[in-house]
Amino acid sequence: MSIVLYNTLTRKKEPFETLEPGRVKIYCCGVTVYDYSHLGHARCYVAWDTVRRYLLWRGYAVHYVQNFTDIDDKILNRAKSEESSMQTVAERYTQAYLEDIARLNVVEADEYTYATQTLDGIQRLIGELEQKGYAYPANGDVYYSVRKFEGYGKLSGRNLDDMQAGASGRVTGEDATKQDPFDFALWKGAKEGEPFWESPWGPGRPGWHIECSAMIRDRLGDTIDIHVGGSDLVFPHHENEIAQSEAATGHPLSRYWMHNGMVNVGGEKMSKSLGNFTTIRDLLDAPNAPDPMAVRLFLLQGSYRKPVDFTDEAIAAAQTSWGTLLDGLLFGYQYGAKLGWVDVEDSAFGDPAAMRIDRESDPVQTFQAAMDDDFNTAGGLAVLFDLAKDLRRAGNLITHTGEADTPSDVLRQQWQTLVCLAQVLGLEARPGVEVSTEGGLSDAEVEALLTQRREARAAKDFAEGDRIRDLLQAEGITLIDKPGGVTEWHR
RNA sequence: GGCGACAUAGCCAAGUGGUAAGGCAGAGGUCUGCAAAACCUCCACCCCCGGUUCGAAUCCGGGUGUCGCCUCCA
């Protein structure tokens, strides 16, 4: 069995074969750092983080490179409006991106690249393209001549003659100097007061698309295994990357192209320009904010390729769902000692890296079959829920009756399987948070209230008994009335 | 105008030829002073119309609807 993935280039699912056995080179288009990242970005980077985690779990050595676009008109505009510099703005939002995405448990890239640190590679590439006749200078700018590149349009399935230039309504003044409306800037001559770099074509800065081509070549080589990014980048960004890189090197830029679907709000794409976006930090820092893992779960419940609608209701449902997985993930910490597990005090307890799970077991095989099929995370999650529900049931039985009806070693295997598979999806529970008593009632206070309640109930004063029960519930304490007047409780 | 994607229960969503995973919400039951918690059980024939097939949500054709891209974009 091998992994099958959907390749935008061929519009088909294809068996995944790497250039070098066991090694995967991935390049991910990162953010332009001029503002805080929103849920669309979260969706994108969670998706590719999950792909990366899964490939690692399947035994591949993955080299994952992602860029920061830190030279751009929008950054420049932001800098002007706040009277700072492009560098200041870029550094601020680069840092913010890293903080936000880390909360969603996205692992850092093996390498991050920056446009500002790739000027040599960029200029070298533009020079080659010019030499080979694919680029032409005009008024201090340098443009790529799309009609010179035979395969132009192969990724996005377009034909230059069928496209309506300017259909998106964002035509700029550049057009007058271009030979063809679809030609795009490789180098932009500096205007008065703008930051610039010296070049053979005069002072200026690189166009947007060229940085990715240059970075990939510098860090990963002429051809990589997988190029990933948002589906809104297919055209023109990725199409232009292909045109640049392949014209220069004569080799395919990437074997596979994968694109994530957009996050929608009310059926429309979430985007800066529509103003309908929610930033990651706004969502996670709001009152009653969802657990970051619930947000990740929300994003993994559907296919990475399809659009996903963001609503408060959907996040709330995901939060509840996460509670179920959480119960399962924390099972070992809560019940391991009662089940006689001898390693619960070990520092490595609960660490997936230290666990040995049975790869041939049904849950793992089912999980793998789902994920092998174009990273079907929804199918993978079903396995996690099965395990988590079994464990929760066992835990409840222990709480309510004192013992589970499943052998301890079976529960241990189930728990470890759950923890390991959840980690492959980037879903992790942090023990300790749930049993926090910060600001709450002490055990003695709870017991005192329970005594009051017991007396009230004995006197048939159920209103008083219920009042105390509600009071405790508000403190996060759940009561379990058992036959015989015994009341147990847990936080 | 061109290119593309999607349409499955109240909501989200997987499945892409053999008679519908999972999550959320909901219903019934056991238990209970009533609840809560817990446990058990139940809950869709897959947008419409044709066609292919022994058999289609799943393939083909035609509709309808929604969305994305067509040089800001994850």
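So that the names make sense, note that chain A is the first sequence line, chain B the second, and so on, each numbered from 1.
Between atom CG of residue A/L5 and atom CG of residue A/N7 there is a gap of 7.0 Å, rounded to the nearest 0.5 Å.
Note: A/Y112 and A/F68 have tilted aromatic rings, judged against thresholds of 30 and 60 degrees for the angle between ring planes.
With respect to A/R78 and A/D72, no salt bridge is recorded, no charged nitrogen being found less than 4.0 Å from a carboxylate O.
With sequence neighbours left out, the salt bridge (Lys or Arg N to Asp or Glu O under 4.0 Å) criterion links A/D100 to A/R281. Taking A/C44 as the reference, A/W48, A/N260 meet the side chain to side chain contact (heavy atoms under 4.5 Å, CB included) condition, with sequence neighbours excluded. Residues passing the salt bridge (Lys or Arg N to Asp or Glu O under 4.0 Å) test with A/R454, sequence neighbours excluded: none. A/R453 is linked by a salt bridge (Lys or Arg N to Asp or Glu O under 4.0 Å) to A/D481, counting only residues two or more places apart in sequence or in another chain. Every residue was checked against the salt bridge (Lys or Arg N to Asp or Glu O under 4.0 Å) condition with A/K389, not counting sequence neighbours, and none meets it. A/E455 is linked by a side chain to side chain contact (heavy atoms under 4.5 Å, CB included) to A/T451, counting only residues two or more places apart in sequence or in another chain. Not counting sequence neighbours, the partners of A/E130 by the side chain to side chain contact (heavy atoms under 4.5 Å, CB included) test are A/A135, A/P137, A/W201.
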Taking only N/O atoms, report every protein-nucleotides 29-33 of chain B pair under 3.5 Å with atom names and distance.
{"unit_1": "B/rG33", "atom_1": "O6", "unit_2": "A/R457", "atom_2": "NE", "d": "3.2"}
{"unit_1": "B/rG33", "atom_1": "N1", "unit_2": "A/D466", "atom_2": "OD1", "d": "3.4"}
{"unit_1": "B/rG33", "atom_1": "N2", "unit_2": "A/D466", "atom_2": "OD2", "d": "3.4"}

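Applying the Watson-Crick and G-U wobble criteria (two distances, each under 3.5 Å), B/rU58 pairs with nothing in any strand. Look at B/rA21: it lacks any Watson-Crick or wobble partner with both distances under 3.5 angstrom. When both pairing distances are held under 3.5 Å, B/rG68 makes a Watson-Crick or G-U pair with B/rC3. Of the nucleotides present, none pairs with B/rC34 by Watson-Crick or G-U wobble criteria with both distances under 3.5 Å. Within the shown strands, B/rG63 is the pairing partner of B/rC47 under the Watson-Crick or G-U definition, both distances less than 3.5 Å.
Within 3.5 Å, no donor on the side chain of A/K272 pairs with an acceptor on the base of B/rC73, nor the reverse. With hydrogens and angles left out, the side chain of A/K269 and the base of B/rC73 share a donor-acceptor pair within 3.5 Å.
At a threshold of 4.0 angstrom between heavy atoms, the contacts of A/H38 include nucleobase atoms, whether or not backbone atoms are also involved. If you check every strand for non-hydrogen atoms under 4.0 Å, A/L381 touches nothing. Within 4.0 Å (heavy atoms only), A/Y45 reaches sugar-phosphate atoms of the nucleic acid but no base atom. Within the 4.0 angstrom heavy-atom criterion, no nucleotide atom of any strand lies near A/A314. Note on A/V263: a base of the nucleic acid sits closer than 4.0 angstrom, heavy atoms only. Within the 4.0 angstrom heavy-atom criterion, base atoms lie near A/G40. Within the nucleic acid shown, A/S231 has no heavy atom closer than 4.0 Å to any nucleic acid atom. Residue A/T324 is in sugar-phosphate contact alone, with no base atom involved, counting any heavy-atom pair closer than 4.0 Å across all strands shown.
Between the C1' atom of B/rA38 and the CG atom of A/D327 lies a distance of 12 Å, rounded to the nearest Å. Whole-Å rounding puts the A/I315 CD1 to B/rG23 P distance at 19 Å. One can place CG of A/D470 at 9 Å from C1' of B/rA36, the figure rounded to the nearest angstrom. Taking atom NE2 on A/H238 and atom P on B/rC73, their separation rounds to 10 Å, with Å as the unit. For the pair A/F184 CZ and B/rC70 P, the interatomic distance rounds to 15 Å; values are reported in whole Å. The nearest whole Å value for the distance from the CE atom in A/M371 to the P atom in B/rG15 is 12 Å. In this structure, the NZ atom of A/K13 is 11 Å from the C1' atom of B/rA14, given to the nearest Å.
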Extract all donor-acceptor atom pairs below 3.5 Å that involve side chains of residues 148-155 of chain A and protein atoms in other chains or at least two apart in sequence.
{"unit_1": "A/Y152", "atom_1": "OH", "unit_2": "A/N240", "atom_2": "OD1", "d": "2.5"}
{"unit_1": "A/K154", "atom_1": "NZ", "unit_2": "A/E246", "atom_2": "OE1", "d": "2.7"}

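Within 6.0 Å of the CG atom in A/D405, the count of heavy atoms belonging to other residues, nucleotides or ligands exceeds 12. Other residues, nucleotides and ligands contribute over 12 non-hydrogen atoms within 6.0 Å of the CD atom of A/E447.
With B/rA21, B/rC69, B/rA37 as the candidates, the nucleotide lying closest to the side chain of A/R158 is B/rC69. Here B/rA74 is the nucleotide among B/rA37, B/rA74, B/rA14 with the atom lying nearest to any side-chain atom of A/H41. Nearest nucleotide to the A/A317 side chain, out of B/rU16, B/rC24, B/rG68: B/rC24. Of the candidates B/rA74, B/rG4, B/rC24, B/rC24 carries the atom nearest the A/S321 side chain, counting heavy atoms from C-beta on. Residue A/D232 places its side chain closer to B/rC73 than to any other of B/rA14, B/rG68, B/rC73.
One finds no side-chain N or O of A/W489 lying less than 4.0 angstrom from the OP1 or OP2 phosphate oxygen of B/rA36.
A gap of 12 Å separates the C1' atoms of B/rU19 and B/rC46, to the nearest Å. The P atoms of B/rU64 and B/rC48 are separated by 15 Å, rounded to the nearest whole Å. Atom name P, nucleotides B/rC54 and B/rA13: the rounded distance is 36 Å, in whole Å. To the nearest whole angstrom, the two P atoms, one in B/rC6 and one in B/rU58, are 14 Å apart. Nucleotides B/rG26 and B/rG10 place their C1' atoms 8 Å apart, quoted to the nearest Å. Taking atom C1' on both B/rA14 and B/rC31, the two are 36 Å apart, rounded to the nearest angstrom. Taking atom P in both B/rC47 and B/rA7, the straight-line distance is 8 Å, to the nearest Å. Only the C1' atoms considered, B/rU30 is 15 Å distant from B/rA35, to the nearest whole Å.
Not less than 6.0 angstrom separates the ring centroid of A/H227 from the ring centroid of A/Y256.
Mapped onto RNA chain B by nearest heavy atom, A/E268 and A/S156 fall at different nucleotides, with A/S156 at the one closer to the 5' end. Comparing A/N159 and A/A318 against RNA chain B, the residue whose closest nucleotide sits nearer the 5' end is A/N159.
Contacts with RNA chain B (heavy atom under 4.0 Å) in residues 389-402 of chain A: A/K389, A/R393, A/N396, A/H400, listed by number. RNA chain B lies under 4.0 Å from at least one heavy atom of each of the following residues of residues 301-311 of chain A: A/Q301, A/G302, A/S303, A/K306.
Listed by first and then second residue, the side-chain hydrogen bond (donor to acceptor under 3.5 Å, both in side chains) pairs that reach into residues 300-318 of chain A are A/Y304-A/D374, A/R305-A/D374, sequence neighbours excluded.
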